[in-house]
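Take a look at the structure below.
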Amino acid sequence: MPGGDAREAAKTVTGSLETFPHLPELPARGPGADMIGRTLGMLVELYAHVEPSGWRISDRPGRDTRRARAWLGEDLDALEEFTQGYEGPLKVSAVGPWTLASALELRNGEAAVSDPGACRDLVASLAEGLRGHLADVRRRVPGAQVVLQLDEPSLTSVLQGRVKSASGYRTHRAVDRVVVEGALRDLVGAAQGPVVVHSCAPEVPFGLLRRAGVAGVSFDFSLLTEREEEAIGEAVEGGTALFAGVVPGVDGRLSDPAGSVMGVRTLWRRLGLTPGTLTESVVVTPSCGLAGASPAYARSVLAHCVRAATSLADNPE
């Protein structure tokens, strides 16, 4: 979300999304409030600090770690305030292990994804940190059914060997799909609840994510190609929910709500899926985060998503 006021963001989200609110992220506050920094602050016995090139592993927690944890605490306090008595699904987000490994630098300046041992340590630390974070959310909002979203915009780059080295002149070797899938499965197990993986990049690996046990896949609907349709159909038939990013995340003119979900209806018909399953299988979302939008547009997008989802439910055909 845009802006830097945790209470205002929590009030907006809980007021607009009455049946599926989430814990907002406010990256405009600076390093530590960004998605990478926030997740690094959750890690257990693994620390990082900010360098000009990005986040780098540290020996001990420093100012940047403390700031990340403080902002997360502020966000949780605000969410708790505006969810008193709430019962139902509640989404919280963290960066997934492979995007984190692509963004976090080792002491030599190379990405952690280049070191299999560092990746294993990162996965273990993240799993432990998420257990604690999710337990805290459940304690603060006792009626919540917590849904964990793992943000993995770099997942396809990791699988295809497209993560650049520190010099920028070469790329790191692709990580084996079995290793990638296993790490995600470990985090699904640690969450002790439904996990959604979000990627706003092209070529989302729907099949791999389904095998890893995720409950849903969140993606930019405009980036889908015909090559992915079979995998999407298999995912839906296997019970995987689709968080379809159909509403633009940056300021612009919004279409009518029914028009926003027209592509989803068309896809359903092309795949031969039963229209009645749309409401069970699809969550309408922005195409990606709203941090780059104006506050007024962000509020209008949340309301638009609700209206578009209602349109899909009322007229699945």
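The chain is numbered in sequence order, starting from 1.
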Between the side chains of Ser311 and Arg265, is a donor N or O closer than 3.5 angstrom to an acceptor N or O? yes
Donor + acceptor pair across side chains of His172, Glu110 (<3.5 Å): yes
Given the rule in the side-chain hydrogen bond (donor to acceptor under 3.5 Å, both in side chains) test, do Ser125 and Glu128 qualify, once you have shown the distances and angles that lead to the verdict? CA-CA 5 Å; Ser125 177; Glu128 190 61 30; over 6 Å; no
4.5 Å side-chain heavy-atom contact, Thr279 and Leu312: no
Please check if any side-chain donor atom of Glu87 sits under 3.5 Å from a side-chain acceptor atom of Gln145, or the reverse. no
Polar side chain donor-acceptor pair, His304 to Ser260, under 3.5 angstrom: yes
Taking 4.0 angstrom as the limit, do Asp75 and Arg38 come out as a salt bridge? yes
According to a hydrophobic-cluster definition based on side-chain heavy atoms being under 4.5 Å apart (Ile, Leu, Val, Met, Phe, Trp, Tyr only), do Val250 and Leu223 belong together? no
Using the side chain to side chain contact (heavy atoms under 4.5 Å, CB included) rule, pick out the option among Leu208, Leu209, Val204 that qualifies with Phe206. Val204
Check this for me: does any side-chain nitrogen of one of Arg29 and Glu74 sit under 4.0 Å from a carboxylate oxygen of the other? yes
Would Asp59 and Arg107 pass as an ion pair if we require N to O under 4.0 Å? yes
Student check: side-chain heavy atoms of Ser287 and Phe221 closer than 4.5 Å: no
For the residue pair Ser53 and Glu105, confirm or rule out a side-chain donor-acceptor distance under 3.5 Å. yes
Between Trp268 and Thr274, is there a side-chain donor-acceptor contact under 3.5 Å, judged purely by atom types and distance? no
Would you call Glu181-Arg177 a salt bridge at under 4.0 Å N-O? no
Can you tell me if Thr99 and Glu152 form a side-chain donor-acceptor pair at under 3.5 Å? yes
Looking at Asp77 and Arg7, is any side-chain nitrogen of the basic one under 4.0 Å from a carboxylate oxygen of the acidic one? no
Is there a side-chain contact between Val214 and Val217 in this structure, where contact means two heavy atoms from C-beta onward sitting under 4.5 Å apart? yes
